[in-house]
Novice: 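Following this message is one structure expressed as C-alpha cells.
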Amino acid sequence: ASGACLRTLAGHRGIVLSAAWSPDGASVATASADGTAKVWGAASGECGATLEGHQGWVRSAAWSPDGRQVLTASADGRARMW
C-alpha cells in the first residue's frame with residue numbers, strides 16, 4: 001500500500017462497520033449501520049448488489065471460502081447467508 005486512495009466505495013447511508021475482500025480479490029463486501037450489506041466490484045468500484053433484510057445494523061460481512069456466498073451478522077440477532 002502506497003498510502004494513496006485507489007478507490008472509494010460510496011453508497012451506504014450509515015457508517016461502514018466492516019469490509020472484506022472476496023477470495024479471488026474481484027469483489028468487496030461491506031456491512032453498514034444502514035441495515036444493509038453491499039457487494040462491490042473491486043476494479044470498478046460499482047455496487048453490484050445490495051443485501052437487504054436485516055432489522056438492525058449489519059456489523060460484519062464475510063465471504064465463503066469459495067467466494068460464492070456472503071455471510072452477514074446483524075444487531076438484530078441474526079446471521080444471514082446470501
Novice: Can you tell me how far the NZ atom of Lys38 sits from the OG1 atom of Thr72, to the nearest 0.5 Å?
Specialist: 13.5 Å
Novice: Using the test side chain to side chain donor-acceptor pair (under 3.5 Å), find all partners of Ser27 that sit at least two apart in sequence or belong to another chain.
Specialist: none
Novice: Just how far is it from atom OG of Ser32 to atom CD1 of Ile15, taken to the nearest 0.5 Å?
Specialist: 7.5 Å
Novice: Can you list the residues that meet the side chain to side chain contact (heavy atoms under 4.5 Å, CB included) rule with Glu52, with sequence neighbours excluded?
Specialist: Thr36, Thr50
Novice: Restricting to non-hydrogen atoms, name the atom on Arg7 and the atom on Ala43 that form the minimum distance, rounded to 0.1 Å.
Specialist: NH2-O, 2.6 Å
Novice: Please report the shortest heavy-atom distance between Ser74 and Gly56, naming the atom on each side.
Specialist: OG-O, 3.4 Å
Novice: Run the side chain to side chain donor-acceptor pair (under 3.5 Å) test against Ser64 and tell me which residues pass, sequence neighbours left out.
Specialist: Asp66
Novice: What closest approach, in Å, do Ala75 and Arg59 show between heavy atoms, and which atom pair accounts for it?
Specialist: CB-NE, 3.8 Å
Novice: Work out which heavy atom in Ser18 is nearest to a heavy atom in Ser60; give both atom names and the distance.
Specialist: OG-CA, 3.2 Å
Novice: Hey, mind stepping through Leu17 and Val58 against side chain to side chain contact (heavy atoms under 4.5 Å, CB included) and telling me if it holds?
Specialist: CA-CA 8 Å; Leu17 299 163; Val58 180; over 6 Å; no
Novice: Can you check whether Ala10's main-chain N or O pairs, donor with acceptor, with Thr8's side chain at less than 3.5 Å?
Specialist: no
Novice: Determine the minimum heavy-atom distance between Ala20 and Ala61, stating which atoms define it.
Specialist: CB-O, 3.5 Å
Novice: Which heavy atom in Ala19 sits nearest to a heavy atom in Val28, and how many Å separate them?
Specialist: CB-CG1, 4.4 Å
Novice: Can you confirm whether more than 12 heavy atoms, excluding those of Arg78, are under 6.0 Å from its CZ atom?
Specialist: no
Novice: If you measure from OG1 on Thr30 to CG on Leu51, what distance do you get to the nearest 0.5 Å?
Specialist: 8.5 Å
Novice: Donor-acceptor check, side chain of Gln55 to backbone of Gly53, threshold 3.5 angstrom: yes or no?
Specialist: yes
Novice: Counting distance only, does the side-chain N/O of Trp40 pair as donor-acceptor with the main-chain N or O of Ala29 below 3.5 Å?
Specialist: no
Novice: Same cluster or not: are Trp63 and Leu71 linked, directly or through other Ile, Leu, Val, Met, Phe, Trp or Tyr residues, by side-chain heavy atoms under 4.5 angstrom apart?
Specialist: no
